[in-house]
Structures are given as structure tokens and as C-alpha cells.
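Written out below as C-alpha cells is the structure these notes cover.
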Amino acid sequence: MKILVLNPGSTSTKVSLFEDRRAVFEKSVFHDSSVLLKFAHVNDQLAFRYDLVVSLLKEKGVDPRAIDAFVGRGGSACTQPGGITVIDQKLYDDTVAGVGGSEHPAKLGVMLAWTFAQEYGKPAYTLNPTNVDEYGELARLTGIKGVYRTPHSHVLNQKAVAEYHAEKMGRRYEDCNFIVAHIDGGVTVGAHDHGRMVDGNMGADGEGAFTPTRIGSVPVLQLLDYIEAHSLDDVRLRCSRAGGFVDLFGTSNSDFIHAKVDAGDRKATLVWQTMIYQVCKMIGEMSAVLCGQVDAILLTGGLLRFPDVEAGIRRRCGFIAPIATYPGEMEQEAMAYPALRVLKGELVPNRYSGRNVWNGFGDIDL
């Protein structure tokens, strides 16, 4: 069985072809902010990323007609349960419309997989999209009536890393408590309580640490002053694609910024260390969510290729729990293997309901 895995992120497009459980090839293409900001809306990137995939398949000598299934990272639709889900017209339409309120480039995974599947008459799936909802009630309320916190996170990689680490420990993911920090173009930190991601930051919504592409948390009144001097659209763009390093340096290229750190540049060093400091604060928050009962802190994502990221977190958070590091991500195989099981009839996929997993506090007027 041949499975094509499509994983668009805030600074890259990753494409992998699997034949059963064997990776035939994997390619990650970096996109600087100067390229992606030419597109007014995330949806406008579809043709650009589609052409990139087509060119890559041609380069590798792969005939798309020979592919048995297309699997794409997802998000932006109604919240969903964890696991693998069939991509159908309703899920595609809701993803395009962004009914879930988050405009993360991960949504393009569903859009790409559906486009290829329709063109070649094959099935399409998504696994653990950014809007998987396993939050507890205490994680939802804000101080504004009717405004709730909704999961928007790197669920796919966080769960893949947590499951892998639990197996290394000789235990099940469902029997462990982990804090998982995905640190890359976006940064999300989640509290995993016995197999459920019960809390975490809304990374693509401007919550948490600032990142190469996002502003992170900003005091509300200061943000309102900024909006008055600029525009709401300007802030929305900075929440997801044009904040953080992009706003401070004009690029999302972390290698370029870190080279300045290595050269002793004071501005780059201050910005870089502040980002690490803010990630540490997020890890501390999630330790409180888990009442200090943490089996391990798991660090993953592309920025772990820089040793000072791990070192900074170990210095501030090592007292909480043992720390393990998994640079990069495990997303490609995490998407491919369940799809293979579906194709073989070993696993029944979820069907998208078009309704949010959580729909309020019942009879409580909040």
C-alpha cells in the first residue's frame, strides 16, 4: 500500500511517501515568511503548496495514480475527537471556511489530501488535527461570558511523541502524565493526563510564548492600544504568521537568527533567550495542571536542533520531572501507520460530525 503524507506547517511543507510501513522518501521544504506573506489568506497558499507536491512527486518519479491513500495534517474545522478521520466534502468545506476559528497552515493538509483524493479517486484521511478537543472544564472558561478557550495545538506530534516515550518507559500512554512542548515555527505546550490532552496553549491564537511567526501572549490593554494605531487585520496576521521573529527581524528563519546569537548579537540573544524563558513559564503552568504529578517533560520540534533551547529548559524546569528530547517531529509516520491499518481493514476511522466536541456547560449560564 502506498500512502502519501502531506504536512504543511507555518514555515515548511513536509511530504513523505510510505509503502506499507517503509518510508520511501521524505522531503521538507522551508518557506520563509517573505514567501508566505505574499498570500493574503492561508487558503490562498493551496495552489502554491499543491504545485510543490506535484513537482516533488515528479522529481522522485512517483505516479500519483499509484498512491492508495492521501493523508493530510488538519485543523480549522469544528473540534474533533482524537484519532484518524475520513476527509469528506463536509470536513473539507468546514476546513476551508475555518469554522473552528483557527487559521493555521495545518488546515492545508486536509485541503491538499482532499484535492489529490478527488483528482485520483482515492480515500483521504487526517489524524489528530490541531483542533482535537480533550480539554477539561477548568481549561475552558475566560473572564468574558461566552468566550471560551478552544484547543488549537500541535496535537499530532505531541501525542506521537508521548506515545513513543511511554513505550520506551515500558508503559502505556494512557497510564502516564506528560508535559509535551512542541517548539518550532509555532510553540505549543500540553498537559497530557492519562492519554488525554487536558490543557495547553492556543498557539495559533496568540497565547503562550512568542515564536518565529507568532506574537504570543500580549497584555490586553497594550494590544488594544496597538490595534487603535494599526488594525484588527494586522493583529490577526501577527497572531499566526507575521509576529515573533518576523516582526522583530523581518524573517522567520531561525538559523539566521541563531547565527546572530552565536556571533554575540545582543538583540538576537535577548529575543532568543526570552522565547526560551516564556516556553519555560508555559511548562510550569502545565505542571500545575497536573498537580505536580509529571512522569516526564518531553521536548520536540525543529528548534530542538539548537542545543541551547534544551539547555535553557533543563535549567529552569529540570526540577519538575525528568526531561527527554526528541528533535524534529514524529508526525509523518504517525499519520501513515493508522491510515495503513484502515486500508487493511484493521481500524475503523472516525467520521466528521460537523459539530464541536464540547457544546457548553449544560444548564449553567456561562
Side-chain angles (χ1 to χ4, degrees), residues 1-18 23-29 31 42-57 62 64 67-100 102-132 152-157 159-160 185-186 204 329-343 347 349-352:
M1 295 287 188
K2 291 184 173 64
I3 299 168
L4 189 70
V5 176
L6 305 162
N7 186 350
S10 57
T11 57
S12 67
T13 301
K14 301 182 186 72
V15 182
S16 299
L17 179 67
F18 288 82
V24 178
F25 75 79
E26 178 175 325
K27 180 71 175 290
S28 180
V29 180
H31 310 302
V42 171
N43 290 356
D44 299 333
Q45 298 177 24
L46 180 60
F48 166 75
R49 304 234 195 188
Y50 179 86
D51 289 344
L52 184 152
V53 176
V54 170
S55 296
L56 181 58
L57 292 177
V62 177
I67 294 172
D68 296 290
F70 298 89
V71 186
R73 191 178 171 203
S76 297
C78 292
T79 57
Q80 299 171 56
I84 189 166
T85 300
V86 174
I87 301 174
D88 57 18
Q89 188 70 56
K90 177 62 175 172
L91 177 53
Y92 173 82
D93 291 343
D94 282 1
T95 299
V96 171
V99 298
S102 172
E103 284 301 302
H104 189 280
K107 68 183 293 189
L108 292 163
V110 161
M111 295 164 64
L112 286 166
W114 178 248
T115 300
F116 277 106
Q118 290 299 289
E119 185 171 354
Y120 296 103
K122 301 294 176 62
Y125 306 100
T126 187
L127 180 90
N128 287 336
T130 60
N131 55 344
V132 164
H152 293 145
S153 187
H154 296 94
V155 184
L156 176 62
N157 192 42
K159 281 183 171 286
E329 81 288 316
M330 300 179 178
E331 295 176 341
Q332 304 302 91
E333 55 265 48
M335 286 191 277
Y337 297 165
L340 177 63
R341 292 186 62 203
V342 171
L343 292 176
L347 179 65
N350 299 326
R351 292 282 176 173
Y352 177 66

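Quantities reported herein were computed from a predicted structural model and do not represent experimental measurements.
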Return the [atom1] to [atom2] distance between [X] and [Y], rounded to the nearest 0.5 Å.
X: Phe70; Y: Met335; atom1: CZ; atom2: CE; result: 14.0 Å
X: Ser76; Y: Asn131; atom1: OG; atom2: CG; result: 7.0 Å
X: Leu57; Y: Leu52; atom1: CG; atom2: CG; result: 9.5 Å
X: Ser10; Y: His154; atom1: OG; atom2: NE2; result: 6.0 Å
X: Tyr120; Y: Asp68; atom1: OH; atom2: CG; result: 14.0 Å
X: Leu156; Y: Met330; atom1: CG; atom2: CE; result: 11.5 Å

Counting distance only, does the side-chain N/O of Tyr92 pair as donor-acceptor with the main-chain N or O of Thr115 below 3.5 Å?
-> no

Strictly by modelled atom types, are Ser16 and Lys14 linked by a side-chain donor-acceptor pair under 3.5 Å?
-> no

Run the side-chain contact (heavy atoms from CB on, under 4.5 Å) check on Glu26 and Gln332 step by step: do they pass?
-> CA-CA 9 Å; Glu26 178 175 325; Gln332 304 302 91; 3.8 Å; yes

Result for side-chain contact (heavy atoms from CB on, under 4.5 Å) between Arg49 and one of Thr13, Leu6, Val29 points to Thr13

Closest heavy-atom pair and its distance - [X], [Y]:
X: Ala113; Y: Ala124; result: O-CB, 3.8 Å
X: Pro338; Y: Leu347; result: O-CD2, 3.9 Å
X: Ala336; Y: Ile3; result: O-CD1, 3.6 Å
X: Leu343; Y: Pro123; result: CD2-CG, 4.1 Å
X: Tyr352; Y: Ala77; result: OH-CB, 3.5 Å

Heavy-atom side-chain proximity of [X] to [Y] below 4.5 angstrom:
X: Phe116; Y: Val53; answer: yes
X: Thr130; Y: Arg73; answer: yes
X: Val24; Y: Val62; answer: no

Take Gln80 and Asn350, measure what side-chain contact (heavy atoms from CB on, under 4.5 Å) needs, and give me the verdict at the end.
-> CA-CA 9 Å; Gln80 299 171 56; Asn350 299 326; over 6 Å; no

Result block: side-chain N/O donor-acceptor pairs under 3.5 angstrom for residues 105-112, not counting sequence neighbours:
from, atom 1, to, atom 2, distance (Å)
Lys107, NZ, Asn43, OD1, 2.9
Lys107, NZ, Thr95, O, 2.9
Lys107, NZ, Val96, O, 3.3
Lys107, NZ, Glu103, OE1, 3.1
Lys107, NZ, Glu103, OE2, 3.2

Check salt bridge (Lys or Arg N to Asp or Glu O under 4.0 Å) between Lys122 and all other residues, then give those that pass, not counting sequence neighbours.
-> none

Side chain to side chain contact (heavy atoms under 4.5 Å, CB included) filter on Pro349, not counting sequence neighbours, yields Ile84, Val86, Tyr125, Val342

